[in-house]
Amino acid sequence: MNVHWILQKNVDDVATALKRLPAGTKVTHANPDFDIVLRQDIPFAHKFAVRDIPAGTDVHKYGQVIGRATQAISAGDHVHVHNLESLRGRGDLQGGETGDVKRSSLSPK
């Protein structure tokens, strides 16, 4: 059995490519709601969406929130810094030394 991608948890919004996956690759899973076609080339070790992710929504990988979608992401899209804002290690979101919590680019104004 050749494994070309991995999904850790059922709650995950993204899977990780274990090799370069070209656009048009069909990705199937035991869950029939999961059958998708990759919309872009996915480089080795990069993520792709396994379901539609609305803009501003938390994105899950390994059962944990890894960031927030900066734009709507469709199932099969490459998920990377162009459409995902990290929420980890962000002093600007955690208050830093001043305790002031700054808004992320997606916070309501």
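Side-chain atoms are counted along with the backbone in the values below, which use heavy atoms only and exclude waters and symmetry mates.
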Are [Y] and [X] connected in a single hydrophobic cluster, I mean Ile/Leu/Val/Met/Phe/Trp/Tyr linked by side-chain heavy atoms less than 4.5 Å apart?
X     : Y     : answer
Ile53 : Val50 : no
Leu87 : Val59 : no
Val14 : Val27 : no
Leu21 : Ile36 : yes
Leu7  : Ile42 : yes

Quick one: does [X]'s side chain have a donor or acceptor within less than 3.5 Å of a partner on [Y]'s backbone?
X     : Y     : answer
Asp52 : Ser74 : no
Asp12 : Gly63 : yes
Asn83 : Gln71 : no

Residue pair Arg68, Thr70: steps toward the side chain to side chain contact (heavy atoms under 4.5 Å, CB included) verdict: CA-CA 6 Å; Arg68 187 176 302 139; Thr70 58; over 6 Å; no
request  = Answer yes or no: are there more than 12 heavy-atom neighbours, outside Asn10 itself, under 6.0 Å from its atom CG?
outcome  = no
State, with a plain yes or no, whether a side-chain heavy atom of [X] is found less than 4.5 Å away from one of [Y].
X     : Y     : value
Leu18 : His4  : no
Thr16 : Trp5  : no
Asp41 : Arg20 : yes

**Message:** Assess whether a salt bridge exists between Asp13 and Lys61, defined as any Lys/Arg side-chain N lying under 4.0 Å from an Asp/Glu carboxylate O.
**Reply:**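 A salt bridge is absent here (no side-chain N lies under 4.0 Å from a carboxylate O).
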Item to check | Chi angles and distances behind the side chain to side chain contact (heavy atoms under 4.5 Å, CB included) call for Gln40, Asp77 | outcome: CA-CA 6 Å; Gln40 291 122 13; Asp77 280 351; 3.4 Å; yes
Taking every heavy atom of Ala17 against every heavy atom of Pro43, the minimum-distance pair comes out as CB-O, 3.8 Å
key: For Tyr62 against Gln8, the heavy-atom pair lying closest together   =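 Heavy atoms only, the tightest pair is CD2-CG, 3.1 Å.
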* Would you give the length of the straight line joining atom CD1 of Ile73 to atom CZ of Arg51, rounded to the nearest 0.5 angstrom? =>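 Ile73 atom CD1 to Arg51 atom CZ measures 12.0 Å (nearest 0.5 Å).
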Do the ring planes of His78 and His46 sit parallel (below 30°), tilted (30 to 60°) or perpendicular (above 60°)?
tilted
